[in-house]
Amino acid sequence: MSQPDSPAVPDNQPNPVLVGPGLTALKDEAYAEATNATPSLDADRKNQLETDAPSYLADLPAEPASQDPSHLSSIPEEASQGNPSGQDLLRRLSLVELPEIDPRTQHPDLKLSGRLISAAFCLPYKLYFREGEDWTLKPRSGTSALFDSFAHLASDETKWSHTLVGWTGEVEPILDNSKSPLQQIPVNPAGKAQPPGSGSSGLGINKAAALYRVGKEDRARLDSQLETGRYGRILPVWLSDVSEEPEDHIVLKDQGRWRRYAERELYPLLHYKQHGPTDGRSEREWWGDYIRLNQLFADRIASDYQEGDVVWVHDYHLFLLPSLLRQRIPNIYVGFFLHSPFPSSEFVRCLAKRKEVLTGVLGANMIGFQTFSYSRHFSSCCTRVLGFDSNSAGVDAYGAHVAVDVFPIGIDARSIQKAAFGAPDIEMTVEGIRKLYAGRKIIVGRDRLDSVRGVAQKLQAFEIFLERYPEWRDKVVLIQVTSPTSVEEEKEDPDNKIAGQITNLVSTINGRFGSLSFAPVQYYPQYLSQREYFALLRVADVGLITTVRDGMNTTSLEYIICQQNNHSPLILSEFSGTAGTLPSAIHINPWDLVGVAGAIDEALRMSVETRKEQHIQLYKHVVSNTVGAWTRQFLHRLLTNLSSFDQSAATPALDRAQLVKQYRKARRRLFMFDYDGTLTPIVKDPQAAIPSDRVLRTLKTLAADPRNAVWIISGRDQAFLEEWMGHIPELGLSAEHGCFIRKPRSDDWENLAERSDMGWQKEVMEVFQHYTERTQASFIERKRVALTWHYRRADPEYGAFQAAECRKVLEDTVAKRWDVEVMAGKANLEVRPTFVNKGFIATRLVNEYGTEPGKAPEFILCLGDDFTDEDMFRALQKFDLPQDHVYSVTVGASSKQTDASWHLLEPADVINTIQALNS
Ligand SMILES: O=P(O)(O)OC[C@H]1O[C@H](O[C@H]2O[C@H](CO)[C@@H](O)[C@H](O)[C@H]2O)[C@H](O)[C@@H](O)[C@@H]1O
C-alpha cells in the first residue's frame, strides 16, 4: 500500500488547527514518549486487543483462511438474505477454511527449507537508543496491513519460520530527563559537541543533521531484543556510509537520506506526479544512496540465507533488491510485491533510472500488484522501455520468465473488529461523538496529508454539496482528520502548500455555511488514538474517500468493519486501488466535484434496505480477503509458479563440452545458421542489423575447415546476404526462407520459386498497405518473393493488435486463394510460398553433406531464434540420427516453446560457442 492510513500511535503530532469538541487534541509527546517508553508496546497492543475482547469473538478461528474467494458461494443462504450481524458473518466465513501451505511437504520439487525472509524498508518499530541500555521499541505508524502480514507469518497459523529484514529507520536518542536539552546534543564527526543552536529546532536538536555512533555491543543488544516477537525473528539493517570510525562503531548521519530517492523520485512518479526539471545533482546523490541501501539489504539477506529459503521483498524502496540477490545467489526464490500504484509507461519513461529500476525488480520470480491495471502497466513498461516480451501472465526477461499477478491486500479483520468493538472505553467515545453531533449526519474522512489523497477535492466537493443541496445545510457535518505525511517529498515542501490549501478551504466553507454555534467542517490535522479513530468510523453516516491515487486504501476496509451494525454507505474514489475490489461502494471520480456532491446526497438519502444490501457485499469482501488470506495467496501463487518453471520442462542450455567433443570426432560437419536474432541482435532498423567483424571472422574461420559445410539460412533477400557475407566464398547462402540458394564457392543463385505464380504478391501488398497507413511507423519490406510487414517501430501493443488483425485478413483471403503461408515473426508478418521453407533446405543439406551418399554428417549444429527456424528443428527430428550428432539450438529463453533440443540466451553466446569450436 502506498503508505496506507493507519490508526497507529504517533511519534510526533502537530498542533490541531481547528480542534472540534469530542476528540482529544494531542500534544507533541515525542520527548515524553522517548524518555518514558516501555521496552516494547507489542504487549500493550496485545493486551488492549485481547483481554478486553468481547466474548462473542472467543470461538472464532484466528483468520478466515481462504485462498480463493469462490468459497463465498458456500456462505449459508441466510447470511446474505437475513442480514446477519457482522460478527455472525465473520464467524461463518471463518469456518470455510482452505488448507495452509506446508512449505516442507508441498512442492517437494522446490526443496524448500521452510524459512521465509521478508524484506521491508523499515522495521515495524521506531527505535530509541541510549548507550549501554536496552533499546526502546515503539510501534511504527503506517503500513499496518504489511506489519499484520508479518505477524501472521510469524504466528502459529502458518508453518513458515519467519525472519524479517528491515532498516532500523531513523534511530533517535533517548534524552536524559535530568539534563537540559542543550547538554544532550549529539556529537559532530570529530567527536566534539555541536555548537549550541547549530541547526537546532524544537528541543535544540536538528534530528535530521544529527550524528550518532552505535557500538557493537548496543547493536548486539538490539539483535537479541529482536530475536523473537510478534513478527518473528528480526534482522535489522544498519544503513551508513563506509565508516572511518573504528570498525565496531556504526555512524548514523543524515539518516533521512536513505529515503530520498524512493520518496522524492519514485513515490511521486508512481502516483502520477512529476516534479519540475532540476540540474540532477541531488538526484544522482540520492540514487547512489538508493543503490547502497539495496546492496546492504542484499548483503544482510545473503549472510543469513540457506538453500531453499524464500525471500519476499516489499515495495518501491527495494526495487533493486531482487536482482542484487539473484546476482549473489542465482537460484534464489524471490517474490516482490508493490504496495503502491504503478503508472502508465508514459510516466515511467520520464524516470532517468527507468531501466535500472525495471531490471532491478525483474530479478524476482514473481511480481505482485494491488490491481490488474497496475500489473498491466508494469508488463507494458517492460515491453516499451526494455523491449522484453510480455503478456498478462508475465515478462520474459533475460531468458527467465517473471510471473506478474494481482493480489489486492486486505486487513486483519479480526483484530480491527476487536479494536473497534472491544477496546476499553470505546463505547463511551462513540456515545460522546454521537451526542456532540446529535441531530446531524456525520460524514467522515481520514487521510494522510499528501496531495494524492484528494483532501482538497473532498472539501471542494463538500462545498458544492452544501451549495447545491441547501436542505442539508446545518444538518450535516464533515469530520476530516489528516495525519501528517511520512513521505519525504511532501514533508520537504517548504511552503507546506497542501496544509495551507486545506486550512483555507476549511475556513471558506465554515465562513460560508457555518454560524457561531456550528462549523460544518470539523478539521483535525493530527494523529488520532486508535480508540478515537475507530469510534469515528463507527459513528459515521457516510465514509468519504476521494483519493486521486493510491495503492490500497485500508481506511475504507476498516470503515466497513466498523459499519457492521449501521451499514452506512462508503463513497470511494475510482482512483483508489481498493475500488476494484469493492464494487458495492458508491464509486466517484474525485475530479468531478459535482458528481461527488451528488454522491454525498445519494448516500445520505439511501434507504435502509439498500444500505444493508451494499454493506453485506462489502463486508463479505473484507472478512474473506484478509491480510492473512492475502499473505497465503501470494506465497501459494509464488510457489506454484516456481514449480511450473520447473527446469525439467525447460529447454536446457547447450552443453558446450559435449558439443566440442563431438565436433572434434566428426569427419563431416554441417552448420546451419539463421541470421537475424541468431548471428546479430534484433535492432529497430533491419538495414542496421549488419554482422560485426567478430561474427564475420568467426564464420570465415569455421568455413575454412574443409570438413565443415557452413550455411546461412535466412529470411533476408539475396542482396542483403550478398552484401554482408557474399565475400566469404566458403559460405553457403539461402535467402528468403529457402526461395534462393547460393552454394559455397559459387556466384550463382538458384531460384527455387522460379516457376511459381507471384500473383498473390499484389493482393498481399494491398492488405499490407492498408495496415501501414493505419499503423504509424510500420513499413513494408519488399523482397523478390517474400513480403514482410514490419511494426517494430510502431507502438508495441497497437502494432501487435494490428498484426493480429492483418494476419487474420490475409489468412481468410489471400491464403485461401493462393498457396502461401502467413508467418508471424519478430514484430513482423511475412508471406511466402508454402512449397519451400527453411525445413526443406535443412533436409536437402543433411542429405547432401553426409560422409557418403545416404549417410548424414556426423555433426550437425543448427541455430535459429524465431518461428521460421522451427521448421529446421523439426526437419532434423525426422532423420533418425544419434542424439550426440545433432544439436538443434534455439536462441532465447529456456522457457520458450520450441522443437529445439537446446537453448542459448543471445547472439553473443552463439558467437562464443563457434569460437570455442574454432579454437
Ligand atoms: O530468418 P532471419 O535471418 O531471422 O530473418 C528474419 C527477418 O529478419 C529481419 O527482420 C527482423 O530483424 C530486424 C533487424 O533486427 C528487425 O528490425 C525486425 O523487427 C525483425 O523482424 C528482416 O528484415 C526480414 O526480412 C527477415 O525475414
Side-chain angles (χ1 to χ4, degrees), residues 383-384 387-389 671-692 695 699 710-726 731-742 753 761 764-765 768 771-772 775 777-796 798-800 802-803 806-807 820-833 836-842 862-873 875 889-892 896 898 900 904 906-908 910-911:
T383 301
R384 287 158 186 271
F388 290 157
D389 283 346
F671 292 84
M672 292 177 276
F673 296 112
D674 163 58
Y675 179 71
D676 288 285
T678 299
L679 292 175
T680 53
I682 294 289
V683 291
K684 277 203 172 144
D685 177 4
Q687 291 313 314
I690 55 173
S692 65
V695 168
L699 287 175
V710 183
W711 280 76
I712 309 298
I713 302 178
S714 170
R716 293 283 184 162
D717 61 15
Q718 288 170 237
F720 182 91
L721 296 182
E722 226 163 25
E723 180 179 0
W724 295 106
M725 282 165 286
L731 281 184
L733 303 175
S734 163
E736 300 198 32
H737 305 285
C739 290
F740 301 91
I741 275 189
R742 192 196 86 168
Q761 283 189 329
V764 171
M765 279 303 283
F768 276 175
Y771 281 92
T772 306
T775 314
S778 68
F779 62 94
I780 303 168
E781 182 187 0
R782 189 166 193 163
K783 297 180 263 194
R784 273 182 68 188
V785 176
L787 299 175
T788 310
W789 179 65
H790 288 273
Y791 59 91
R792 181 168 299 281
R793 287 199 232 143
D795 176 284
Y798 187 63
Q802 291 287 78
C806 178
R807 182 178 184 175
V820 291
E821 190 175 351
V822 185
M823 303 176 300
K826 289 194 164 167
N828 77 27
L829 269 189
E830 294 211 55
V831 185
R832 57 143 179 79
V836 67
N837 62 35
K838 289 184 177 184
F840 172 80
I841 301 298
C862 176
L863 284 126
D865 70 313
D866 70 21
F867 168 81
T868 62
D869 304 311
E870 296 290 320
D871 286 330
M872 296 197 276
F873 305 147
V889 186
T890 189
V891 181
K896 192 168 149 183
T898 181
L904 283 174
E906 50 189 10
V910 174
I911 306 308

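Atoms within each ligand, like the ligands themselves, are counted from 1 in listed order.
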*Would you tell me which option among Glu736, Arg716, Lys783 has the nearest heavy-atom contact to atom 25 (O) of ligand 1?*
Lys783
*Taking the side chain as C-beta and beyond, is there a heavy-atom pair between Val764 and Val820 under 4.5 Å?*
no
*Min N/O separation Asp674 to ligand 1 under 3.5 Å*: yes
*Min heavy-atom dist Lys838 to ligand 1 below 4.0 Å*: yes
*Does an N or O anywhere in Gly715 fall below 3.5 Å from an N or O of ligand 1?*
yes
*Can you tell me the protein heavy atom closest to atom 3 (O) of ligand 1 and the distance?*
Ser714 OG, 2.7 Å
_Does Asp674 form a side-chain contact (heavy atoms from CB on, under 4.5 Å) with Val891? I'd like the steps, not just the answer._
CA-CA 10 Å; Asp674 163 58; Val891 181; over 6 Å; no
*In the protein, which heavy atom is nearest to atom 19 (O) of ligand 1, and how far is it?*
Arg792 NE, 2.6 Å
_Interfacing atoms of ligand 1 (cut-off 4.0 Å, heavy-atom, Tyr675)_ = 3 (O)
*If every non-hydrogen atom of Ala842 is compared with every non-hydrogen atom of Ala875, which pair is closest and at what distance?*
CB-CB, 4.4 Å
*Min N/O separation Thr868 to ligand 1 under 3.5 Å*: no
*Check: Lys783 side chain, Gly715 main-chain N or O, donor-acceptor pair, under 3.5 Å*: yes
*For Ala689, take its heavy atoms, then give the atoms of ligand 1 lying under 4.0 Å from any of them.*
14 (C), 15 (O)
*Reported OG1-to-CG distance for the pair Thr898 and Asp869, which is rounded to 0.5 angstrom*: 9.0 Å
_Which of the numbered atoms in ligand 1 are under 4.0 angstrom from any heavy atom belonging to Lys826?_
18 (C), 19 (O), 20 (C), 21 (O)
*Do the side chain of Lys838 and the main chain of Phe873 share a donor and acceptor less than 3.5 angstrom apart?*
no
*Counting heavy atoms only, which of Lys684, His737, Glu781 comes nearest to atom 22 (C) of ligand 1?*
Glu781
*asked:* Assess whether a salt bridge exists between Arg716 and Asp676, defined as any Lys/Arg side-chain N lying under 4.0 Å from an Asp/Glu carboxylate O.
replied: yes
*Which option, Asp676, Ile712, Thr678, Val683, owns the non-hydrogen atom nearest atom 16 (C) of ligand 1?*
Val683
*Spacing of Tyr791 atom OH and Tyr771 atom OH [to the nearest 0.5 Å]*: 13.0 Å
*Which is closest to atom 26 (C) of ligand 1 in terms of heavy atoms, Arg782, Arg832, Glu830?*
Glu830
*Closest non-hydrogen protein atom to atom 10 (O) of ligand 1, residue and atom name please, with distance?*
His790 CE1, 3.5 Å
*So is there a nitrogen or oxygen of Ile713 less than 3.5 Å from a nitrogen or oxygen in ligand 1?*
no
*side-chain contact (heavy atoms from CB on, under 4.5 Å) evaluation trace for His737 with Ile841*: CA-CA 9 Å; His737 305 285; Ile841 301 298; over 6 Å; no
*Looking at CG of Asp871 and CD of Glu821, how far apart are the two atoms once the value is rounded to the nearest 0.5 Å?*
6.5 Å
*Taking heavy atoms and a distance under 4.0 Å, where does Pro686 meet ligand 1: side chain, backbone, both or neither?*
both
